[in-house]
Amino acid sequence: MVDLNALNSSQRESVEHIEYPTLVLAGAGSGKTRVLTYKIAYLVSRGIKPWQILAVTFTNKAAREMASRVEHLLHIPVQNLWIGTFHGICVRILRREAENWGFRRDFTIYDEDDSISVIKKDLKSRGIPKEQLSPYRVKNIIRNAKNNFVSPDKLTEFAYGHDVKLISEVYKRYMERLHAAGAFDFDDLLVRPLEMFGKYPESLKKWKEKFSHILVDEYQDTNRTQYLLVKLLVGKSGNITVVGDDDQSIYSWRGADLKNILGFESDFKRVKTFRLEENYRSTGNILMAANSVVENNKGRMSKRLWTDRPDGDKVKLLECLSDQDEAERVVSTIEKESTKYGFKLRDFVVLYRTNAQSRSFEDVLRRKGIPYAIVGGVRFYERMEIKDILAYLRILTNPNDIVSFIRAITTPKRGIGPKTIEVIEKFAGEKKISLFDALNRADEIFSGEILSKVKEFNNILQSALKMRGEYGLDKIAQEIAEKADYAKYLKNEYPDNFEERVDNINELITAMGEFENMTDEDDLSTFLSEVSLVAGIDSWDDEYDALTLMTLHSAKGLEFPSVFITGVERGLFPHPRAFDNNLDIEEERRLFYVGITRAEERVHVSYALQRARHGSYSGGASMFVSELPCNVLDIETPEQLYAKIPVRKQSIRRAMEFEDYSQELPDSDEGGQYRVGSYIRHPVFGRGKITACSGSGDRIKLTILFGNKEKKILAKYGKLTHA
DNA sequence: ACCAGGCTTCTTTTT
DNA sequence: GAAGCCTGGT
């Protein structure tokens with residue numbers, strides 16, 4: 001029996017409520033993961049078989065952790081528990097059903113780049129210039145459609161604008177191309193099973209009966225397709241538990257729909273709702289800061305987190321001169337705090353809105369020799385060199401995978417280009433054979449030098465193919481890299497960092513070896529699909545003592561003693577694109593809320609007055625800074641803040657206004673202190689010559705030539721002196 | 001087929 | 001400021 005005494009009363013009640021739909025509205029830090037973990041264990045202890053339980057988490061890492069905690073609670077290993085992300089679960093279902101549903105079992109999963117290259121090709125063949133319709137935009141629309149379970153035919157009802165008809169055709173063709181390539185994109189992993197459940201009621205019945213209990217974490221971030229999938233699988237049993245927090249919904253751009261959680265009570269019959277409002281994570285001040293920020297949002301479910309914990313330290317506001325200055329001050333604050341409070345490096349996290357912000361921190365940390373780990377950013381398996389090798393492997397499992405085929409045959413460069421590929425494609429089409437098989441009959445199409453090049457490529461694939469089953473995946477990958485002379489190619493192509501790239505290849509080979517040892521499966525396709533679904537956070541080792549850097553999005557669900565929310569600036573956070581729409585501003589605010597509520601003991605909010613972005617500048621306190629209540633800031637009132645340094649007055653005041661100042665102003669500083677042609681000194685860039693000048697008063701904008709580089713700078717931010 | 005060099009554009013956020 | 005695109009030359 002599972003001991004539920006460690007739970008508070010509402011937690012326990014929501015765990016014990018197993019007969020009907022259960023909605024757990026759980027604020028940040030109120031123990032929602034705990035509820036899910038205990039509930040799974042409780043179900044098993046009540047005789048439910050692990051394989052009858054479907055538990056959906058937001059990341060693979062969360063799934064792994066939950067599984068191991070369940071085992072810990074039950075004191076026995078739990079086999080065959082269906083726990084994973086929506087995507088991971090759907091891949092498992094697809095593997096089992098693919099052939100019944102008319103797909104190949106060894107399908108490939110296309111990532112964003114792969115998908116876009118398919119769309120690009122299609123747009124090209126239609127002669128549509130990218131100015132008219134960018135592949136990226138098309139992909140966004142398709143993703144949006146898929147997130148809402150909208151088929152190409154229905155797209156015209158769903159979308160608006162003049163080229164919807166065209167886009168819907170491209171969407172349709174895109175689906176056909178993917179099908180021909182035996183590939184699914186990320187969204188298809190959900191859309192296809194949902195579609196097929198509609199088409200094959202008997203397979204739906206099978207899965208519906210299989211899962212007697214369904215649990216979904218982070219329900220506020222599910223999209224329509226996921227909702228429909230859940231609804232279908234739950235069926236009449238009604239044994240579903242969803243856990244979520246409307247204040248932490250931060251994925252609407254990925255189709256997440258708050259309606260799912262807001263409407264849960266009316267969607268299912270006899271729903272019992274539990275609220276978890278006691279926060280066990282954060283101090284009183286942190287919670288107060290978080291609450292006052294999120295209370296600026298409208299349309300929330302009524303909920304107010306409280307805590308028994310002491311008020312603790314106040315939220316520290318750090319105003320910095322530049323992004324470099326911010327990085328330095330954050331890092332030195334971390335050094336100070338770790339001595340003062342006895343925190344380890346892994347007790348801190350640096351959070352930011354965009355991945356690009358990690359750079360200035362990396363520079364400082366590397367210089368100081370402080371170990372750090374970046375979560376997210378360019379994912380390992382999205383690295384060019386990794387994708388190159390994987391492309392070869394993908395062809396082995398799926399000989400129709402056109403995207404990988406093109407990638408592999410052109411890398412390393414071996415004198416085969418679009419023309420030759422087109423001929424192979426056409427030949428394969430005519431003879432109704434796979435691209436891979438077409439290579440074997442290359443002598444029917446080519447002669448001379450091209451023939452020998454094609455044969456050379458084919459030899460690599462053939463020898464890898466022969467190794468399958470007899471040798472490990474790692475050996476096969478190694479064989480490919482050697483036969484293709486890939487290291488040499490890297491050396492030629494990337495002389496300055498080829499060593500790092502070679503290391504990555506070796507890491508890939510090691511990972512393949514480990515995969516085989518761990519799973520006793522020699523399944524290349526399983527490896528490949530698992531690899532496609534690895535999230536940045538999944539490979540993060542929270543045991544290792546290093547400073548962690550990540551985006552606010554990645555931080556969801558995590559907690560740290562000391563949190564730094566950086567770049568809380570105008571023009572950065574809230575992200576400028578969110579200003580189109582008040583709902584988006586509210587989502588940005590929730591993101592800020594998520595950031596604050598990650599903290600147990602200490603929160604620091606920092607912003608730079610001037611940040612180099614896209615070759616120009618932005619900066620100054622964000623509107624969110626002014627939403628932090630003065631009584632929990634370690635600067636009591638804005639007036640005191642004003643008194644300290646004059647420049648702060650401007651930035652704080654601006655932060656309180658709801659306006660975008662990034663626009664250019666027509667008037668100029670005639671007769672003022674900055675004259676075109678004169679020289680100034682900038683703290684970062686050194687001596688420079690003013691070449692142009694616009695704006696007035698606070699907003700004098702200068703164009704200055706430093707060496708041979710021109711920079712645009714707001715005069716008052718630049719701390720300029722005459723030189 | 002491939003490369004260099006100049007040009008534009010930018011995708012926040014991620015499974 | 002970097003990455004990707006196109007162009008024209010080899």
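Here the structure is a predicted model, which means the values were calculated and not measured. Per chain, numbering begins at 1; letters A, B, ... match sequence-line order.
- Atom CG of residue A/Leu390 and atom CG of residue A/Leu508 lie 5.5 Å apart, to the nearest 0.5 angstrom.
- On the nucleic acid side, DNA chain B has its first and last nucleotide under 4.0 Å of a heavy atom of chain A at B/dA1 to B/dT15, going 5' to 3'.
- A distance-only check finds a donor-acceptor pair linking the side chain of A/Thr597 to the backbone of A/Val594 [under 3.5 Å].
- In this structure, A/Arg353 does not pair ionically with A/Glu569, as no charged nitrogen and carboxylate oxygen lie closer than 4.0 Å.
- Across all strands, A/Lys120 comes closer than 4.0 Å only to sugar-phosphate atoms, never to a base (heavy-atom distances).
- At most 12 non-hydrogen atoms from other residues, nucleotides or ligands lie less than 6.0 angstrom from CZ of A/Arg359.
- Within 4.0 Å of A/Asp187, counting heavy atoms only, lies no atom of the nucleic acid at all.
- The residue among A/Thr420 and A/Thr59 whose nearest nucleotide of DNA chain B lies closer to the 5′ end is A/Thr420.
- Here, C/dG4 and B/dT13 have their P atoms 14 Å apart, quoted to the whole Å.
- Within 4.0 Å of A/Phe573, counting heavy atoms only, lies no atom of the nucleic acid at all.
- Aromatic pair A/Tyr171/A/Tyr174: ring centres not closer than 6.0 Å.
- Among the atoms of the strands shown, none is found under 4.0 Å from any heavy atom of A/Ser532.
- Taking the nucleotide of DNA chain B with the nearest heavy atom to each of A/Ile116 and A/Glu382, the more 5' of the two is matched to A/Ile116.
- At distances below 3.5 Å, not a single donor-acceptor pair connects side-chain atoms of A/Asp122 with backbone N or O atoms of A/Val118.
- Nucleic acid contact for A/Ile250: none, since no nucleic acid atom lies under 4.0 Å from a heavy atom of the residue.
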